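Basis for what follows: all heavy atoms, side chains included, without hydrogens, waters or symmetry-related copies. Atoms within a ligand are numbered from 1 in the order they appear, just like the ligands themselves. Because the structure is a prediction, the values reported are computed rather than measured.
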Amino acid sequence: MNKQTLADFDPQIKEAIKHELNRQEQGLEMIPSENFVSLAVLEALGSILTNKYSEGYVGKRYYGGCEYIDVAEQLAIDRAKQLFGAEHVNVQPLSGAPANIAVYFALLQPGDTVLGMDLSHGGHLTHGHPVTYMAKIFNFVRYKTNEIGKIDLDNLRAMALEHKPKIILVGYSAYSREIEYEKIKAIADEVGAITMADIAHIAGLIAAGEMNNPVPIFDIVTTTTHKTLRGPRGGMIMCKEKFAKDIDKAVFPGFQGGPHENNIAAKAIAFKEALEPSFKEYAKQIKANAKTLEAKFLASGYKLMFGGTDNHLLLVDVTGKGLSGKQAQIALDIAGITVNKNMIPDDPRSPMDPSGIRFGTPALTTRGMKETEMNLIADWMDEAIMNWQNEEKLIEIKNRVIELTKKFPLYPELQ
Ligand code: DSN
């Protein structure tokens, strides 16, 4: 076995990690799907649990030597059940896309219909975008938000009655409003559809009681664990007991092989963190910070998609300011503020050069930033956008960003 340190054996990778650490420390991370995990989560991720194969489930593995793996996986399951009030939990999906795909394979036959949100209105690629393989196998019909940015439930009901979907799917990647799960469940019941929610973005807010929880209402709920939930990169499926066998079989052996047990242990730790009272405060602050950004961007004359935000993110059309989402992303990058270019509903532009930018507050809130910093950051974002062709100005903003980040150190232990 190689006994050299990473620095001695592979200085190129060591350097890349060091530079990425500096980038995370010295930048303002505003991609709404990103966050910073705790040292405890990092420790489990980098642990010897990565060495172990454990196909199967707790107490029913295809390999020997799984007694400690079982302890970690059972803790992850029990804590997830407690956090969300779930009847059954599968913590093995490698990430959000595999979790969604496993659900489709568990519950659908080729050609079956799924009613899901259009990508440009905030949906996700795995909710049936034509570029995905799932769209070749299943029949995805896509609904949209209405002119005031709400999910039009009358239209959703009419589409459900027309298309008779096997699954009605809600839960989004760029949608900033609350979701009325009870009403959607009533529509699904009327047409005999299974209800599925993908809460990847808002799982942490739901776990903290800061957004409606679909888990007690819906049949199936998928999530990632690394966004507002602030755990390791990974996925999870929660469902009613009657779907448990089909879901488990679809994840393994249907779709995946050996689970990543270092990752599952890290999920268990993140769930323990999310059960702490301080996580509720964290989730509240995420929303308060997003509301502060909302007020500032509205005051500066930006067009906010869906009229504003109820959660952690904002989707903003920047074309009224004379640039594209791509140009805004690049300018903000130079200024040390990371966001992502994003389509707006029915965007006339292309996905690689869309009209909008999407940004949010989970990562900045983890650093301890509050309303005061949000006000400052919103001003700097506006300044960067308005001066997107002025590199000198952007670098001046970056220097201010670096000074601010020094007051909110992220991983001093890793320096
Ligand atoms: N890539 C994630 C996001 O940024 O929302 C969704 O998969």
Side-chain angles (χ1 to χ4, degrees), residues 20 23-24 27-37 93-104 114 116-135 140 142 145 169-177 179 196-206 211 220-237 255-256 263 267 270 286 290 293 305-306 309-316 325-326 328-329 332-333 337-345 347 351-366:
E20 174 58 16
R23 191 193 67 80
Q24 292 186 14
L28 294 174
E29 183 50 73
M30 297 186 75
I31 293 173
S33 47
E34 295 194 12
N35 213 330
F36 302 117
V37 299
L94 300 177
S95 205
N100 286 343
I101 293 167
V103 171
Y104 302 148
V114 179
M117 173 91 95
D118 186 89
L119 181 70
S120 79
H121 285 247
H124 188 254
L125 276 173
T126 59
H127 298 181
H129 192 278
V131 298
T132 64
Y133 290 132
M134 291 307 104
F140 288 90
R142 287 183 301 282
T145 56
L169 171 54
V170 304
Y172 315 107
S173 291
Y175 186 63
S176 51
R177 292 304 194 183
I179 302 167
M196 174 177 173
D198 174 347
I199 59 166
H201 263 260
I202 53 174
L205 300 174
I206 291 170
M211 291 198 80
I220 312 279
V221 176
T222 59
T223 187
T224 54
T225 48
H226 51 272
K227 298 185 175 100
T228 49
L229 200 46
R230 207 163 56 178
R233 195 158 289 282
M236 174 163 82
I237 304 172
F255 188 53
Q256 291 184 183
N263 202 278
K267 287 175 188 172
I286 288 178
L293 293 178
M305 298 298 105
F306 318 118
T309 183
D310 298 324
N311 58 23
H312 62 302
L313 71 80
L314 290 125
L315 180 61
V316 176
K326 178 180 170 183
Q329 179 192 302
L332 288 163
D333 243 338
I337 300 171
T338 316
V339 305
N340 66 273
K341 58 180 181 283
N342 211 100
M343 303 275 272
I344 60 168
D347 203 325
M352 285 310 281
D353 193 10
S355 300
I357 52 172
R358 185 189 68 152
F359 53 90
T361 55
L364 296 185
T365 309
T366 292

Legend entry - Closest non-hydrogen atom pair, Gly235 against Lys267: O-NZ, 2.7 Å

Inset, instruction - Only heavy atoms count here, so choose which of His201, His124, Glu34 is nearest to atom 5 (O) of ligand 1. - result: His201

Legend entry - Arg358 and ligand 1 - part of the residue with a heavy-atom distance under 4.0 Å: side chain

Inset, instruction - Work out which heavy atom in Lys227 is nearest to a heavy atom in Asn35; give both atom names and the distance. - result: O-ND2, 3.0 Å

Inset, instruction - Starting from atom 2 (C) of ligand 1, find the nearest protein heavy-atom neighbour and note its residue, name and distance. - result: Lys227 CE, 3.9 Å

Legend entry - Main-chain N/O of Gly234 paired to His226 side chain as donor or acceptor, under 3.5 Å: yes

Legend entry - Validation row, ring centre Tyr133 to ring centre Tyr104 under 6.0 Å: no

Legend entry - Interfacing atoms of ligand 1 (cut-off 4.0 Å, heavy-atom, Ser33): 3 (C), 4 (O), 5 (O)

